[in-house]
There are 2 protein chains.
Amino acid sequence: MPCQGEGGITWRHRRGSITAIISPLPNVKVLMERSHPVTIVDVAERAGVSPGTVSNVLTGKRPVAESTRQRVQRAVEELGYQPNLLARSLVNRSSNTLGVVAYGLEYYGPSRTLVGIERQAAELGYSLLLDLLHRPDDQDVDAVLAELTARRVDGIIWAVHEVGDNHAWIDETRLHSLPPMIFLTMEQRPGAAIVATDNRAGARLATQHLIDAGRRTVGILTGPTSWWEVRERLAGWRNALEAAGLEASPALIAEADWTAAAGEAALKALLVRRPDIDAIFACNDQMALGALHCCLAAGRRVPHDIAIVGFDNTPESAFFWPALTTVRQHLAELGRLAVNELHRQIEAQQQGATLTPARHLLHPELIVRASSGGAG
Amino acid sequence: MPCQGEGGITWRHRRGSITAIISPLPNVKVLMERSHPVTIVDVAERAGVSPGTVSNVLTGKRPVAESTRQRVQRAVEELGYQPNLLARSLVNRSSNTLGVVAYGLEYYGPSRTLVGIERQAAELGYSLLLDLLHRPDDQDVDAVLAELTARRVDGIIWAVHEVGDNHAWIDETRLHSLPPMIFLTMEQRPGAAIVATDNRAGARLATQHLIDAGRRTVGILTGPTSWWEVRERLAGWRNALEAAGLEASPALIAEADWTAAAGEAALKALLVRRPDIDAIFACNDQMALGALHCCLAAGRRVPHDIAIVGFDNTPESAFFWPALTTVRQHLAELGRLAVNELHRQIEAQQQGATLTPARHLLHPELIVRASSGGAG
DNA sequence: TTGTACGCGTTATCAC
DNA sequence: GTGATAACGCGTACAA
C-alpha cells in the first residue's frame with residue numbers, strides 16, 4: 001500500500017499513522033506538526049526532485065544543476081532537515097567515529113591527552129565514542145571492544161597505561177580482526193601502532209640536571225613498577241647515573257602509588273635508610289609534592305639539603321614551595337598525533353592498502369625552577 | 001535477482017560480489033574468508049532458521065523454542081557474529097547513546113564529573129558521544145547540537161559552565177525541538193532540567209568556618225565574575241558575613257582567573273589595599289595555592305596571620321603547605337545524578353509522557369585542615 | 001513457535 | 001543532470 005505514486009497525490013505510511021501530502025505544494029502546516037523526524041524524502045518532495053538528487057546536493061559527490069541545487073537548499077532550510085548519520089553510516093560502511101578507551105581521566109595526564117585527541121578528531125571530522133576503564137587492569141577488554149566494533153567505529157585509540165599484563169590481549173592476529181587501532185604509552189609490540197612520550201629520555205633529562213647541579217646521591221621516587229612507564233623512567237634514571245659513574249642501586253629506589261601521601265611516606269622511609277641522599281627524582285609532580293612536604297616536616301631544606309625534580313609539569317607545580325623543577329610531556333600533542341596516525345591508517349585501509357605500524361616517540365622537556373636550585 | 005530462494009540453494013548479491021551459499025550446511029570456509037561483516041542473515045542460514053528468529057533470540061523480546069535458541073546461539077558463536085548497532089538504532093529509533101558536551105576537561109572539576117557520567121551511563125547501557133568546547137563561550141553551539149541530533153543521541157548532557165551569556169540560546173521552545181537534555185551548573189531556567197552543586201551553601205560553609213575561628217576581616221579571591229558559579233559563591237560569602245554583622249564590601253573582593261598565578265597577584269594587590277585582612281576564602285584550590293604562595297613571599301604566616309580556605313578539595317590540597325582547608329564538591333556524584341535524571345526524562349519521553357524539568361542541588365562539604373587553623 | 005515482507009533513512013548503480 | 005531501484009543490517013507486524 002505504501003508509496004503508490006498516482007497523479008499529484010502520494011500516500012505514505014509512517015510510524016503507524018497515515019499522512020496525506022499533496023504535491024507539488026505540500027501542506028506546510030502538516031509537516032511542521034509532525035514530531036520532527038523529517039527525512040530526505042520530505043525534502044525531495046518539497047523541492048520537487050528525487051531523494052537521490054537531494055543526496056547529491058548534500059554530499060556534493062555528483063554535479064547537480066544550479067537551479068535545482070538552490071531549490072533543494074531552500075527546502076532543506078524550510079524543513080529544518082538534518083541528515084540521519086545512522087542511516088548514512090549504515091550504507092557508507094563508515095561512521096566517521098573514533099572509539100577512545102581510556103583510564104584515569106581524573107588525573108592530569110590522561111585528561112590533557114583526551115583534550116588533544118578531541119581537538120584533532122573534530123578537526124578531521126570525527127566524532128568520539130568514549131569508554132572508560134575503572135582500573136588499568138580492567139578485565140572487560142572484550143566487552144569494550146565488542147561495543148565499539150558493534151557501533152562500527154572507524155578506528156580505536158587505546159589510551160590505557162600498560163600495567164602488569166593488562167596488554168597481554170594485544171597480538172597481531174587479534175589486531176587483524178579489529179578496526180585500525182593506535183596505542184598510547186606502551187611497550188613496542190609487533191603489529192601495533194604506538195604513540196608515546198619518551199619516558200626514558202625524560203628521566204635522563206631530570207637526573208642529568210641533578211648531576212650537573214653537583215648532586216651525588218640521587219634517589220628516585222617511583223610509581224608502581226608494574227607500570228611500564230615507571231620501568232622506563234627507572235631505566236632513564238639508571239642510565240644517567242651510571243654514565244656519570246654514580247650509584248644507581250636498589251637502595252636508592254622508593255616505590256609509591258603516584259599520590260602525594262604515598263610519596264611523602266615512601267621518601268620518609270627512604271631517608272631513614274639513606275640519610276646521605278641529596279637529590280630526588282620523583283616520577284610525577286604529586287609525589288614530588290609529597291616529597292617537598294616530607295622534607296619540610298623533617299627539617300631538610302629544599303633545594304639546599306635536597307634537590308627535587310618532578311615529572312608532568314602540572315599547572316600547580318610552579319606554585320609549590322619551592323617552585324618545582326619538572327619534566328614536561330607534550331600531552332595534548334600526543335593526543336593529536338595519535339589521531340593523525342590513526343587517521344592515516346583508516347584512510348590507507350579504505351583504499352585497500354595497509355600501513356606498517358610505526359612507533360612515534362615524543363620528546364619531553366625540562367622545566368627548571370627553584371626546587372632543584374636551578375632558579376630562585 | 002537477489003534473494004531468490006530456490007530449493008536448498010540461495011544466491012545473494014553483496015557488496016558487488018556474488019557469493020553462493022549451499023543450505024542447509026553452508027560452506028564454512030567461504031564464510032570465514034569473507035572480510036568479516038557477518039550479518040544476522042548469515043547466522044540465520046547457518047542455524048537453519050529465519051533472520052527474524054535470530055533477532056528474537058538475541059533481543060529476547062519474543063519467546064523462542066529452547067532447541068532453536070541453542071542452534072542460534074551456536075551459530076552466533078561459531079561465526080563470531082556481532083549485531084550492527086547502527087542498523088539496530090536506525091530501526092529502533094534510539095541509539096542508546098548519550099551526547100556529552102563539556103568544557104575544560106583539563107581541569108579537575110569537569111574531568112571528575114565526566115568520570116561519574118561515564119560510570120553511570122555504562123551502568124545504564126548507554127554509550128557516550130563526547131564533544132568538547134574550546135572555550136566556555138564557544139559560539140559553535142548550533143553545530144555541536146546538530147551533530148549530536150544527527151547521530152540520534154537519546155539525550156544530551158550539557159556540562160559547560162555558565163559564563164557571560166553563553167547560555168542565552170537556551171529557551172523553552174528551543175529545548176522542545178531537541179532530545180531530552182540536562183544541564184550542569186547553571187542558573188535556573190524555565191523548561192531546563194538542572195543538576196548542580198549548591199555553590200552558595202559551599203561558600204557560606206567556608207566563610208562561616210572562618211568567622212567561627214574568630215576572623216573578622218574575610219577577603220574573597222574569586223574567579224571571573226562573568227561565571228555564574230562565582231557570583232553564587234560571592235553571594236554565599238556575603239550572606240555569611242552579613243548574617244554575622246561583618247563587613248562584606250567590594251573592597252574585600254579580589255578577582256582572578258582561577259589560576260594560581262593570578263590568585264597570587266590578586267591577593268598581593270588586595271593586601272596592599274587592605275592590610276587588615278585576616279582570612280581569605282579562595283574560590284578554588286589553585287587560587288588558594290597562589291594565596292599561600294603570596295603569604296609566604298610576603299612574610300605573612302598561615303594560618304596565624306591569615307587563614308585560608310579553598311574550594312574543590314583537589315587531591316593536592318591536602319599537601320599544600322600548610323594543608324588546605326577546603327570545600328569538597330561531590331563531582332562524580334553530580335555526573336551520576338545527571339545521567340540518572342536524563343535517563344528518567346528519556347524513558348518518560350519514550351512512553352509518550354513528559355517530565356516537568358526539575359532542579360537538583362548537591363550539598364558540598366567542608367574539609368578542615370591546617371590552613372584555617374582548624375587542625376594541626 | 002516460526003517465516004514473510006516491509007520499513008527505518010540514506011547512498012550507489014544504472015538507466016534515461 | 002536526473003529519477004527509479006536496490007541495497008546497508010536489523011526489528012516486527014502479520015500470516016502461517
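Chain identifiers are assigned alphabetically (A, B, ...) following the order of the sequence lines, protein sequences preceding nucleic acid strands; residue numbering begins at 1 within each chain.
Distances were taken from every side-chain heavy atom of V91(A) (C-beta onward) to each of dG1(D), dG3(C), dT10(C); the shortest belongs to dT10(C). Listed candidates were dC10(D), dC8(C), dT11(C). Nearest to the side chain of S55(A) is dT11(C). With dG3(C), dG11(D), dG9(C) as the choices, the nucleotide that has an atom nearest any side-chain atom of N92(B) turns out to be dG11(D). Out of dG11(D), dT1(C), dG9(D), the shortest distance to the side chain of P63(B) is found at dT1(C). The side chain of Y81(B) lies closest to dC10(D) when the candidates are dT1(C), dC10(D), dG9(C). Comparing dT10(C), dC8(C), dG9(D) by their closest approach to the side chain of T39(B) singles out dG9(D).
Among the heavy atoms of the strands lying under 4.0 Å from V49(B) are primed sugar atoms or P, OP1, OP2 only; no base atom is included. When heavy atoms are screened at a 4.0 angstrom cut-off, S89(A) is found touching no nucleic acid atom at all. Among the protein residues, V64(B) comes within range of the sugar-phosphate backbone only, with heavy atoms under 4.0 Å from sugar or phosphate atoms but none that close to a base.
Of the two residues contacting DNA chain C, namely T59(A) and P51(B), the nearest-nucleotide position lying further toward the 5' end is that of P51(B). If you find the closest nucleotide of DNA chain C to N56(A) and to S67(B), the one lying nearer the 5' end belongs to S67(B).
Taken to the nearest 0.5 Å, the CD1 atom of I346(B) stands 8.0 Å off from the OG atom of S94(B).
Rounded to whole Å, atom P of dG7(C) lies 13 Å from atom CZ of R93(B). The distance from atom CZ of R62(B) to atom C1' of dC10(D) is 14 Å, rounded to the nearest whole Å. dC8(D) atom P lies 13 Å from atom CZ of R152(A), rounded to whole Å. To the nearest angstrom, P of dG1(D) lies 15 Å from CZ of R71(A). The distance between atom CG of L90(B) and atom C1' of dC8(C), rounded to the nearest whole Å, is 4 Å. The CG-P distance, from L58(A) to dT11(C), rounds to 7 Å in whole Å. A straight line from CD of E45(A) to P of dG3(D) spans 13 Å, rounded to a whole angstrom. The CD1-P distance, from I40(A) to dG7(C), rounds to 18 Å in whole Å.
In summary, R119(A) and E123(A) do not engage in a salt bridge, as defined by a charged side-chain N under 4.0 Å from a carboxylate O.
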- List the steps and the verdict of salt bridge (Lys or Arg N to Asp or Glu O under 4.0 Å) for E77(B) and R74(B). CA-CA 5 Å; E77(B) 285 162 20; R74(B) 261 226 344 250; over 6 Å; no
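Dashed line: the shortest gap from a side-chain N or O of K61(B) to OP1 or OP2 of dG11(D) is not under 4.0 Å. Checking the phosphate oxygens (OP1, OP2) of dG3(C), a side-chain nitrogen or oxygen of T53(B) falls inside 4.0 Å. Dashed line: the shortest gap from a side-chain N or O of T68(B) to OP1 or OP2 of dT2(C) is under 4.0 Å.
A tilted orientation is assigned to the rings of F183(A) and W169(A), their planes being inclined by 30° to 60°.
Although no hydrogens or angles enter the test, the distance criterion places a donor-acceptor pair under 3.5 Å between the side chain of E118(A) and the main chain of L132(B).
Of the listed residues (L342(B), L355(B), I157(B)), just one forms a side-chain contact (heavy atoms from CB on, under 4.5 Å) with P180(B), and that residue is L342(B).
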